[in-house]
Amino acid sequence: MAEYNFSALEKKWQADWKENKIYEVANTSEKPKYYVLDMFPYPSGAGLHVGHPLGYIASDIVARYKRLNGFHVLHPMGFDSFGLPAEQYAIQTGQHPAVTTETNINRYKEQLEALGFSYDWSREVRTSDPSFYKWTQWIFKLIYHSWYNNASNRAESIETLIAILDKEGNATIDAACDDDTPVITSEEWKNYNEKEKASFLLKYRLTYLSETTVNWCPALGTVLSNDEVKDGYSERGGHPVVKKNMPQWSMRITAYADRLLSGLDTIDWPAPIKEIQRNWIGKSYGAEIDFQIENSEEKIRVFTTRIDTIFGVTFMVLAPESKLVQVITTAEQQEAVNSYVEAAKNRSERDRMSDAKNITGVFTGSYAIHPFSGEKVPVWIADYVLAGYGTGAVMAVPSGDQRDFDFAKHFDLPIVRINDAQHITETEADPTKDGKIINSGFLDGLSPKEAIEKGISEVETKGIGIRKVNFKLRDAIFGRQRYWGEPIPVYYSDEIPKLIDDQKLPVELPSIDEYLPTEDGDPPLGRASDWNHEGNAFELSTMPGWAGSSWYFFRYMDPKNEEKFCSEDALNYWQDVDFYMGGSEHATGHLLYSRFWTKFLYDRGYIQVEEYAKKLVNQGMIQGRSSFAYRVKDSNKYVSYGLKGSYDVTPIHVDISLVHNDVLDVAAFKAFRPDASEAEFELEDGKYVCGWEVEKMSKSKYNVVNPDELVERYGADTLRMYEMFLGPIEASKPWNTNGIEGVFKFLKKFWALFHTHDQLDLSEDPATKAELKILHGTIKKIADDVESLSL
RNA sequence: GCCCAGGUGCUGGAACUGGUAGACAGGCAUGGUUGAGGGCCAUGUGUCCAUUAGGGCGUGCGGGUUCGACUCCCGCCCUGGGCACCA
């Protein structure tokens, strides 16, 4: 009986593809283009597990399908090779991250090639390669040399800003800039010295240096951007994160908040991703209103989306960090306020969040005048008001807002009903938008929606406020106090940041003896001797992980270009990504930053598209199925799954290769855990049965399934088909090898259909009608399935 | 709390715009082939009633629209994910 010799078959054709370069594509063609992109991996030391190729397999099917349908297909692969793990490894072993990275990449490429992907490897990029990060640095410079003109609604060269400043100062300029940017005349501007000019322009530049509150992670020794922090812990490593003030490079992504939001309507991305990005950008419509302080020139400006509730205001609350606090606090309250502010300052973000139910606050002693009723309302400070959002102050409406309600109850402040549909209980406020407004002067009788409109126009007429849109999105911190990242091409002369000339790029990472901060607490780059530009100190921070991945998809179009990040011809031909495949975990990181950089490059005229990926598909995560043995506490005895109820047991991870159908190979387990070699095993029905749980696939949980072994045993085609067979591509699911035999059998039978002994054997008879019907039905079904993924 | 997905046999999952629910595969069962095991082949497998023929009931729960509903509408329950002192 002839055999389906997948191993020989696959090796033969893979060698053939390589030798004849059949997947290499030129940047021109008569055919229409199609760009299929995978999110490039970070080459970790653990190698690929079966979860990684899931998306690559799906996108490879799309690439092959499009080729067969007459498209000129760009299907590249590369490596996101800067990152923390290689650096942590370097700290422990002294091994240069470049060396480990190289090793890991080679391993990844081997594994990927064995899986038979149709990548054009001649276009491979690596973000840690100087020929690549030269252009990351170049784009950084371009962003630095730009400002955002709200009037033209795009980024422009900083030269156009300087021209306006020279001519008429900044009074007429509507730009995305620091909140504390002073209004100056052209005279004042011209009288600035070099340093003053430089620091003034930093308030406008799209990448800028400023003293800001950052997420500082002491364990990692670096700052992190908001998306890298989850619930007060670092996303990588799970270390605590605290707030800290320090000078930092940031990217003014907030300038693009509106366009990042509206752009979502133009791209075919999964609804959950769009939703996450919308939430993250957090646009809300409302008004800013001034409340005059009694017996004072000062005003409190608040942001509200519910101006219809303004007659329900019975007090005001400032964030402890608000600059107004010191100004309006009365002498009697000074001491209480000071100690509250001091305490708030020393609390970490985590404490503040975990302590949310504890209501705290202190009265400033001052009163604000209600702009419509003229009544006096007390001004408090409390840390439930966030300094970073809106104006850092709120008008408190306890009847309509739960937080205000809780605060009012706690400090015994009045609660006023302002809507006839409000049902207020002893413990709950009611933010209803039904019903009619009551107790509210000129707003009485209106619906909340009408009252919001009327309220805002009244405020504007009286000149005490403006219609206002607010965003939650914050500027992205760009510096990392780390070694293994792109050097920021900046040096300091006279404390003024200056950029390295284009001709001198790339600024290459210097070698250092140890990958730790210096004794003075400077980042690792501080250890490099000769790390200066003509005697001026270089910037010591490096770029964050998302820098290279924010534009790599353009580099694939023209990866070897030494003159430009990508030639116009290549950009003209390839334009954008038609099909992008990757994980949804990058929703507020890579997938947002890359959109930002794309819009920026578009504004500055370097590319023709405002969104780089028309279609995005998220493959689900493949989880591991961990197996457990149960050790009786304080003993050397293991009990089978069904018996553990009668003991106090500790579950122990068991390597899944020692378990078949949940039955443990006890002898192998004893070898695997030497401390169990003498252990006693209590069995059920003569077997030791393991428990199981679905967890993340990881080495430490002994649940990793390696694709190499499956390729060896069944072949790449079987593995690829089986991964696609597992279920919908978007769904997360635990890996389970049980069903792979079915696919393997199918391929064996399929092969046997066309072979007699080992020879290809095809019938010369014309196909029957019935045969043609099945053939065309099958073609249609497959075409429809692939189209439904890629259209 | 708010916002997204989703809920179909023992399991993974099919079912295009409303038209024979459960394709395909795994598992399980029975039989064949084999010295045995494995492999391979065949048959069966939603559920209940019935020896058969056949019939009743079935897509989370309750209601509705329709000649006809897994599919559309309303309410509820559950699961997964996201956001969350955001004013």
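Chain identifiers are assigned alphabetically (A, B, ...) following the order of the sequence lines, protein sequences preceding nucleic acid strands; residue numbering begins at 1 within each chain. Computed from a predicted model, the values in this text were never measured in an experiment.
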Pair assignment for rC10(B), Watson-Crick or G-U wobble, requiring both distances under 3.5 Å: rG26(B)
Residue matched to rG18(B) through Watson-Crick or wobble contacts both under 3.5 angstrom: none
Note: Arg252(A)-Asp178(A) ion pair, threshold 4.0 Å (strictly below): yes
Syn-anti status, with the boundary at 90° from 0, for the nucleotide rG81(B): anti
Contact under 4.0 Å: Arg403(A) side-chain N or O vs rC86(B) OP1/OP2: yes
rA87(B) OP1/OP2 closer than 4.0 Å to side-chain N/O of Tyr384(A): no
From rC4(B), rA87(B), rG82(B), nucleotide with atom closest to Asn279(A) side chain: rG82(B)
Sugar-phosphate only, base, or nothing, as touched by Lys749(A) at under 4.0 Å among non-hydrogen atoms: sugar-phosphate
Sugar-phosphate, base or nothing in reach of Lys745(A), heavy atoms under 4.0 Å: sugar-phosphate
Quiz item: cation-pi between Lys376(A) and Tyr367(A), 6.0 Å / 45°: yes
Ring centers of Phe407(A), Trp380(A) separated by less than 6.0 Å: yes
Trp546(A) ring center within less than 6.0 Å of Phe596(A) ring center: no
Ring geometry between Trp751(A) and His755(A) (parallel below 30°, tilted from 30 to 60°, perpendicular above 60°): parallel
Aromatic plane relationship, Phe291(A) with His370(A) - under 30° parallel, 30 to 60° tilted, over 60° perpendicular: perpendicular
Rounded interatomic separation in angstrom, taking CD1 from Ile276(A) and C1' from rA84(B): 14 Å
Spacing between Ile273(A) atom CD1 and rC83(B) atom C1', to the nearest angstrom: 14 Å
Proximity to RNA chain B (any heavy atom under 4.0 Å), residues of residues 725-734 of chain A only: Phe725(A), Leu726(A), Pro728(A)
